[in-house]
Amino acid sequence: MQNEFDNLIKNAISIIEVNNSSNFIIFKDYKIIHLDKKTMKPNFQIINENDKKVLILTYPYNEFGDYIILKKDISQSIKILDTIFISLFLIIIIAISLIIFYSLFLSRILSMHLKELSVKVSRFDDNFTNRLDYKNYPLEFKEIISSINHLITRIQNYNMSQKELFIGIAHELKTPLAVIKAKNDVTLIKSRDSEYYIQTIKNSNDSIDNINKIINEILKIGRLEGAQFEEPNEIDLIDFIRQESKNFSLLGSKTGQKIELNLNPNELKIKIQKTLFSQILQNFIQNAFKFSQPNTTITITTFINNMTFYLYVDDMGCGISEDKDYFAPFKRFGDKEGVGLGLYLSKSAATALKAEVSLENRKDMQGTRAIFSMKIKKN
């Protein structure tokens, strides 16, 4: 319609220009009327005339109140516009109907699969032997099924580690108790002199001390479980490592062992569960002192690579056999004292921190490198 308006205005301007410059009248389908009101703005009006739609333009002709009246039959244009409007209206209605129908169809399909998935999850046995196959579900379910299977794997690993832990606890407590009972039974077979009884009681006390050590380590597991629910606090991790290293340097005062620090960056403020990280750091440093020779150096290195924080604790000991699982509970290697739960606790703490711990032989010299790595967020 705007084109119709513009064309009529152009015609009115052409009429005025021709009439002012020539005695000939080119346009005939117009008339000039005089109105009392004086306005210099064109006015449009659409009226019905002989069953037709007629567009009337009232355009100012001169400053004396004369106006040009132009008419144009726009019935065809109105008809085309009505057809376009009805077509667009029908297309929109059909499109909305299709969207509603597809949404209902899709929601019904997804609802059926969700119900099926819920039933399968509710039927999982205690061992979580069932797995979900994402091939039986729409593509939209692939991510959630992958997450459920990953969660099942984590639960299975946790259950397996708990079973190993309980078996290890039973075995570790059973052995010294069996030793105590055997010695007491042998002692009670016949009358002994007082020195023999004293020695038997001393041996029993030694076994009881070993049991106490094991119980204390088991209690650490309980405290570690509780620490996993602590709220992370913001600390300067580098300064914390610096302070802990200074405190543990006293361990090597008798053997001439010392700690050397190579810490980068100089400061790293992050939110972390300090108790869990402290458990890992302490265990790494204690093991380094335990397995290193006298008058050697323990090197602690930190750095950041690809938004991952790394902590290395290098000792100058005999190294490790990389095919052995040093993080299993109650696993002791070598002739060093210990219950065999330190690295197991470190592994559990690292898992709670969503971090990784590992051991490897040093590349630059004989010794072991304990590694802690954890993703950090951008500031």
Side-chain angles (χ1 to χ4, degrees), residues 81-167 221-234 270-273 275-277 280 306-309 325 327-329 344-358 372-379:
L81 288 175
D82 289 343
T83 303
I84 293 173
F85 174 77
I86 293 172
S87 299
L88 287 175
F89 180 77
L90 291 176
I91 289 173
I92 291 172
I93 292 297
I94 293 172
I96 292 175
S97 301
L98 287 175
I99 290 172
I100 293 174
F101 175 76
Y102 180 73
S103 300
L104 291 174
F105 174 76
L106 186 62
S107 63
R108 181 176 175 78
I109 294 295
L110 294 178
S111 175
M112 289 172 58
H113 285 295
L114 275 175
K115 188 175 181 180
E116 180 186 351
L117 185 63
S118 175
V119 171
K120 284 190 176 181
V121 171
S122 65
R123 289 177 180 173
F124 280 165
D125 54 28
D126 294 340
N127 295 322
F128 292 94
T129 54
N130 301 331
R131 287 300 184 103
L132 299 173
D133 189 354
Y134 64 86
K135 294 179 180 177
N136 299 328
Y137 294 90
L139 186 62
E140 292 80 2
F141 282 70
K142 184 177 180 179
E143 191 69 25
I144 188 172
I145 289 176
S146 175
S147 299
I148 292 175
N149 286 336
H150 179 65
L151 179 62
I152 291 172
T153 301
R154 292 188 61 183
I155 293 174
Q156 286 177 327
N157 292 337
Y158 177 77
N159 289 341
M160 184 63 68
S161 67
Q162 292 298 300
K163 287 179 181 177
E164 290 180 359
L165 179 62
F166 291 141
I167 292 172
I221 297 175
R223 286 193 290 270
L224 184 66
E225 295 283 344
Q228 294 181 10
F229 297 100
E230 288 182 356
E231 285 293 326
N233 294 317
E234 184 175 276
I270 61 173
K271 281 191 173 182
I272 193 170
Q273 291 159 294
T275 304
L276 297 178
F277 180 75
I280 298 169
N306 290 331
M307 297 308 297
T308 301
F309 171 77
D325 182 10
F327 296 97
Y344 170 79
L345 292 171
S346 298
K347 182 76 172 180
S348 299
T351 302
L353 291 173
K354 297 181 181 178
E356 299 284 342
V357 290
S358 60
F372 169 85
S373 60
M374 181 178 66
K375 288 284 185 183
I376 57 176
K377 297 179 181 178
K378 294 181 179 179
N379 293 325

> Test of understanding: with side chain to side chain donor-acceptor pair (under 3.5 Å), list the residues that count as partners of S146, not counting sequence neighbours.
none

> Atom NE2 in H113, atom CG in L110: separation rounded to 0.5 Å?
7.5 Å

> Look up atom CD1 in I144 and atom CG in L151, then write down how far apart they are to the nearest 0.5 Å.
11.0 Å

> State, to 0.1 Å, how close I280 and A350 come at their nearest heavy-atom pair, and which atoms those are.
CD1-N, 3.7 Å

> What's the separation between atom CD1 in I92 and atom OG in S87, rounded to the nearest 0.5 Å?
11.0 Å

> List the residues meeting ring pair (Phe, Tyr, Trp, His ring centres under 6.0 Å) with F372, not counting sequence neighbours, and say none if there are none.
F277

> Strictly by salt bridge (charged side-chain N to carboxylate O under 4.0 Å, His left out), give each pair with a member in residues 107-121 just once, sequence neighbours left out.
E116-K120

> Please report the shortest heavy-atom distance between S373 and A355, naming the atom on each side.
O-CB, 3.2 Å

> Applying side chain to side chain donor-acceptor pair (under 3.5 Å), can you list everything that pairs with S346, at least two apart in sequence or on another chain?
N283

> Check side-chain contact (heavy atoms from CB on, under 4.5 Å) between N233 and all other residues, then give those that pass, not counting sequence neighbours.
none

> I'd like to check the side chain to side chain donor-acceptor pair (under 3.5 Å) partners of K142; sequence neighbours left out, ordered by chain and number.
none

> side-chain contact (heavy atoms from CB on, under 4.5 Å) with I93: which residues, sequence neighbours excluded?
F89, S97

> Hey, what's the ring geometry for Y102 with F105, parallel, tilted or perpendicular (30° and 60° as the breaks)?
tilted

> Tell me every residue that passes side-chain contact (heavy atoms from CB on, under 4.5 Å) with I84, counting only those two or more places apart in sequence or in another chain.
I80, L88

> With sequence neighbours left out, what residues match I167 under side-chain contact (heavy atoms from CB on, under 4.5 Å)?
none

> Among residues at least two apart in sequence or on other chains, which ones pass side chain to side chain donor-acceptor pair (under 3.5 Å) with S107?
none

> In this structure, are over 12 heavy atoms from other groups packed under 6.0 Å from E143 atom CD?
no

